[in-house]
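Encoded as structure tokens, the structure appears first; notes follow it.
Bear in mind the structure is a predicted one, so any value in this text is a computation, not a measurement.
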Amino acid sequence: MQIDALDHFVMTVADIAASCDFYSRVLGLEIIAFGDNRKALKIGNQKINLHQSGKEIHPCAGKPCAGSADLCFISDLPIPAVIDHLSTAGVPVELGPVPRTGARGPMMSVYIRDPDENLVEISNYP
């Protein structure tokens, strides 16, 4: 068997509305509704389904909890402009810019936290 792509993954959050606000306002992700008023964050051809902590959709992860994710998003915006945007949005940079290695090779990254304290890396390739 060969896996071709990642379709979606699930992130458990404390407050779906707060997560939707953060990811749309700060990172520009599209919020989509599906199913029985469920919410997801759309990124290209992939999405992040949001589960409310304590009200997860079954089946779910064995130990779902808010704040346990570590995500990396790729942006075409140069890192200095990313930092300026984050500053304007009132989001502190926790670390960076720092060199990292992504799926396609070397990249430059900054790290922030979302409302649940998930670690969010924003990177771009040279």
Worksheet item: What distance do Leu95 atom CG and Ser109 atom OG have between them, rounded to the nearest 0.5 Å?
Response: 9.0 Å

Discussion item. Rounded to the nearest 0.5 Å, what separates atom OG in Ser19 from atom CD1 in Ile31?
Written reply: 9.0 Å

Response to the item:
Contacts satisfying side-chain hydrogen bond (donor to acceptor under 3.5 Å, both in side chains) that involve residues 1-11 (not counting sequence neighbours) are none

Worksheet entry | Contact check, side chains of Ile112 and Phe22, non-hydrogen atoms, under 4.5 Å | yes

Discussion item. Any heavy-atom pair between the side chains of Ile122 and Leu86 that's under 4.5 Å?
Written reply: yes

Worksheet item: What pairs of residues pass the salt bridge (charged side-chain N to carboxylate O under 4.0 Å, His left out) test when at least one of them lies in residues 65-75, not counting sequence neighbours?
Response: none

Practice prompt. Please write out which residues are connected to Ile3 in a hydrophobic cluster, directly or through intermediates, given that two of Ile, Leu, Val, Met, Phe, Trp, Tyr count as joined at side-chain heavy-atom separations below 4.5 angstrom.
Written response: Met1

Worksheet item: Within the distance-only criterion (no hydrogens, no angle test), does the side chain of Asn118 pair as donor or acceptor with the backbone N or O of Ser68 below 3.5 angstrom?
Response: yes

Discussion item. I'd like to check Leu50 versus Val10 (side-chain heavy atoms, cut-off strictly below 4.5 Å). Are they in contact?
Written reply: no

Worksheet entry | Min side-chain heavy-atom separation Ile83-Pro97 under 4.5 Å | yes

Worksheet item: So which residues get pulled into Met107's cluster when ILVMFWY side chains under 4.5 Å apart are joined, directly or through others?
Response: Ile74, Tyr125

Worksheet item: Can you find a heavy atom in the side chain of Cys65 that is under 4.5 Å from one in the side chain of Thr12?
Response: no

Using atom types as modelled, flag every donor-acceptor pair under 3.5 Å from a side chain in residues 41-48 to any protein atom, sequence neighbours excluded.
{"unit_1": "Lys42", "atom_1": "NZ", "unit_2": "Gly44", "atom_2": "O", "d": "2.6"}
{"unit_1": "Lys47", "atom_1": "NZ", "unit_2": "Asn49", "atom_2": "OD1", "d": "3.2"}

Worksheet item: Got Phe73 and Asn124 here, is their nearest side-chain heavy-atom distance under 4.5 Å?
Response: no

Return all side-chain donor-acceptor pairs below 3.5 angstrom for residues 52-63, not counting sequence neighbours, or 'none' if the list is empty.
{"unit_1": "Gln52", "atom_1": "NE2", "unit_2": "Ala14", "atom_2": "O", "d": "2.4"}
{"unit_1": "Glu56", "atom_1": "OE1", "unit_2": "Gly54", "atom_2": "N", "d": "3.4"}
{"unit_1": "Glu56", "atom_1": "OE2", "unit_2": "Gly54", "atom_2": "N", "d": "2.9"}

Worksheet item: What residues, two or more places apart in sequence or in another chain, satisfy side-chain contact (heavy atoms from CB on, under 4.5 Å) together with Pro99?
Response: Met108

Worksheet item: Mind checking what makes side-chain hydrogen bond (donor to acceptor under 3.5 Å, both in side chains) contact with Asp21, not counting sequence neighbours?
Response: Arg25

Worksheet, complete the sentence: In short, side-chain hydrogen bond (donor to acceptor under 3.5 Å, both in side chains) pairs touching residues 74-100 with sequence neighbours left out are Glu94-Arg113, Arg100-Tyr111

Discussion item. Show every salt bridge (charged side-chain N to carboxylate O under 4.0 Å, His left out) that has at least one partner inside residues 116-126, sequence neighbours left out.
Written reply: none

